[in-house]
2 protein chains.
Amino acid sequence: MARMSAERRRDAIVDAALAVARRKGLAATTVRDVAAEMGSSSGLIHHYFETMDDVVAAAFERVAGDDLEQTEVLLDQAGDPTSVVRAFLSSYAPVGEDWAFQLWLDAWAEAARRPALREVSGRLNLAWAAMLERAIREGVKDGSFRSEDPAGAAWRILSLVDGLALQVVAHQTIVDRADMLAWAASATERELQLPPGSLAVNGATPPRA
Amino acid sequence: MARMSAERRRDAIVDAALAVARRKGLAATTVRDVAAEMGSSSGLIHHYFETMDDVVAAAFERVAGDDLEQTEVLLDQAGDPTSVVRAFLSSYAPVGEDWAFQLWLDAWAEAARRPALREVSGRLNLAWAAMLERAIREGVKDGSFRSEDPAGAAWRILSLVDGLALQVVAHQTIVDRADMLAWAASATERELQLPPGSLAVNGATPPRA
DNA sequence: GCCGATATTGCGCAAGTGTCCAATAGCGCG
DNA sequence: CGCGCTATTGGACACTTGCGCAATATCGGC
């Protein structure tokens, strides 16, 4: 295998781990699979990462971190606070077999037994809530929303969409994307004291790859 | 090992699998661990179950099914609809390292790759939503609540508490049981158009073992 | 008490696991 | 050009995995 700089190789490992995790799940991502995906030997992975937990955590951080950044950009471009929240909701709803959200499910389950992964998923969940809280505060400031507890509101909305997305991804049949969008919208309207229907999304497929 | 009737042995296997899953997680429950837990040979497990997926699904069904039944009883005894919903919320909030809810996390994550487990978790999730919907309809009928969409309301409340409980269990530090109770109560009050504070729980530890 | 049904054993199989490490190969600096 | 640093190899190690199967033990019904 072509020799790489430490930094580039580390990235390559994370990319390969991600590709494997996407196919087999975070929990079932193994050294040998990652090595095979890169076309290198398995020893190389342990030259860069102490344990598999670290590899998996890094892979998860790559997806979830990128997703967070992209969503931040998306919300920045959305305009008024109501549009920001609408964009948030529709970008959160899983599309088909959403492998990125499946990785969240894997991470939450594995958090109990993988310290590095728990640290990453905890930190990123917090960042998502913070992003939402910021959006809510702006809406409160400019009079679009009313909320006496923006932090609590952020966690309530985030937890609701997590819980709904979980149903969509884990049991496709029971709750579908349309249900999720409609339900998340109506609950959020109530939470932020918006008139009913103001968050309705007209079925457009969101940018979440 | 003492010879048992088919029915009793099947139960014993499920019990043993449950004990293992509680310690190591659903995903990491192995034939040999279950056999060791029972003090029998590993071949015996495959005499009763086709695959490990079936064993794991049966074990999960035992916990989650029992929990559902107990909650059904609890709600039946709660009295008026508002008390029913209050009882529901406080019984749902995880206590400490809630292994039962951790099994739900495991099940949702594994659902993608274990058909039998997916079937069970889907079916039980549906049953929880149905139970909640029934409670809401009764409250609407007797004028305790107002809701134009009891089914949607049930899924919204269930998803919210799932999302919150998930945070409590996966990342103990970020959201705690008290936050969860307070946030679930306020969102549910809005959902069912109850006066603020009417669902507040006064910190009592719930019966969820 | 015997016998057939079946519960139970215990090992074999082929494959896979994370981690470690001596050996090797290749790039960049002098 | 040559040397040293280090990226990379590839296999060893000690396990574990799900599943299958012939052999054996033990029960209930006659």
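Note on naming: letters A, B, ... go to the chains in the order of the sequence lines (proteins, then strands), and numbering restarts at 1 for each one. Please read these numbers as outputs of a predicted model, since none were measured by experiment.
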A.B. asks: Quick check for you: name the first and last nucleotides of DNA chain D, 5' to 3', having an atom under 4.0 Å from a heavy atom of chain A.
C.D. replies: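 From 5' to 3', the first and last contacting nucleotides are D:dT6 to D:dA12.
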
A.B. asks: In whole angstroms, how far is the P atom of C:dG18 from the CG atom of A:Asp54?
C.D. replies: 13 Å

A.B. asks: Using only heavy-atom distances, determine whether the side chains of B:Asp162 and B:Trp104 contain a donor-acceptor pair under 3.5 Å.
C.D. replies: no

A.B. asks: Has A:Arg8 got more than 12 heavy atoms of other residues, nucleotides or ligands less than 6.0 Å from its CZ?
C.D. replies: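 No.
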
A.B. asks: With sequence neighbours left out, what residues match A:Phe145 under ring pair (Phe, Tyr, Trp, His ring centres under 6.0 Å)?
C.D. replies: none

A.B. asks: What residues in residues 9-32 of chain B put a non-hydrogen atom under 4.0 Å from any atom of DNA chain D?
C.D. replies: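 Residues of residues 9-32 of chain B under 4.0 Å from DNA chain D: B:Thr29, B:Thr30, B:Val31, B:Arg32.
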
A.B. asks: Rounded to the nearest 0.5 Å, how far apart are CG of B:Leu181 and CG of B:Leu199?
C.D. replies: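 Reported to 0.5 Å precision, the distance equals 11.0 Å.
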
A.B. asks: Quick test of your reading: applying side-chain hydrogen bond (donor to acceptor under 3.5 Å, both in side chains), list the pairs with at least one residue in residues 31-49 of chain B, sequence neighbours left out, ordered by first then second residue.
C.D. replies: B:Arg23-B:Glu37, B:Lys24-B:Asp33, B:Thr30-B:Asp33

A.B. asks: For residues 40-53 of chain A, which residues have at least one heavy atom under 4.0 Å from DNA chain D?
C.D. replies: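 Within this stretch, A:Ser40, A:Ser41, A:Ser42, A:Gly43, A:Leu44, A:His47, A:Tyr48 sit under 4.0 Å of the strand.
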
A.B. asks: Excluding sequence neighbours, so at least two apart, what forms side chain to side chain contact (heavy atoms under 4.5 Å, CB included) with B:Asp176?
C.D. replies: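 Applying side chain to side chain contact (heavy atoms under 4.5 Å, CB included) to B:Asp176 gives B:Ala178, B:Asp179.
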
A.B. asks: Polar atoms only, N or O, under 3.5 Å: list the protein pairs with nucleotides 22-26 of chain C and their distances.
C.D. replies:
| from | atom 1 | to | atom 2 | distance (Å) |
| --- | --- | --- | --- | --- |
| C:dG26 | N2 | A:Arg3 | NH2 | 3.0 |
| C:dG26 | N3 | A:Arg3 | NH1 | 3.3 |

A.B. asks: Check side chain to side chain contact (heavy atoms under 4.5 Å, CB included) between A:Arg3 and all other residues, then give those that pass, not counting sequence neighbours.
C.D. replies: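 Here no residue qualifies.
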
A.B. asks: With sequence neighbours excluded, tell me which residues meet side chain to side chain contact (heavy atoms under 4.5 Å, CB included) with B:Glu191.
C.D. replies: A:Arg190, B:Ala153, B:Arg156, B:Ile157

A.B. asks: Name the orientation class of the two ring planes belonging to A:Trp108 and A:Phe101 (parallel below 30°, tilted from 30 to 60°, perpendicular beyond 60°).
C.D. replies: perpendicular

A.B. asks: Could you list the residues that satisfy side chain to side chain contact (heavy atoms under 4.5 Å, CB included) with A:Lys141, not counting sequence neighbours?
C.D. replies: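 Applying side chain to side chain contact (heavy atoms under 4.5 Å, CB included) to A:Lys141 gives none.
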
A.B. asks: Under the rule for side chain to side chain donor-acceptor pair (under 3.5 Å), what residues qualify as partners of B:Arg118, not counting sequence neighbours?
C.D. replies: none

A.B. asks: Which residues pass the salt bridge (Lys or Arg N to Asp or Glu O under 4.0 Å) test with A:Asp15, sequence neighbours left out?
C.D. replies: A:Arg62

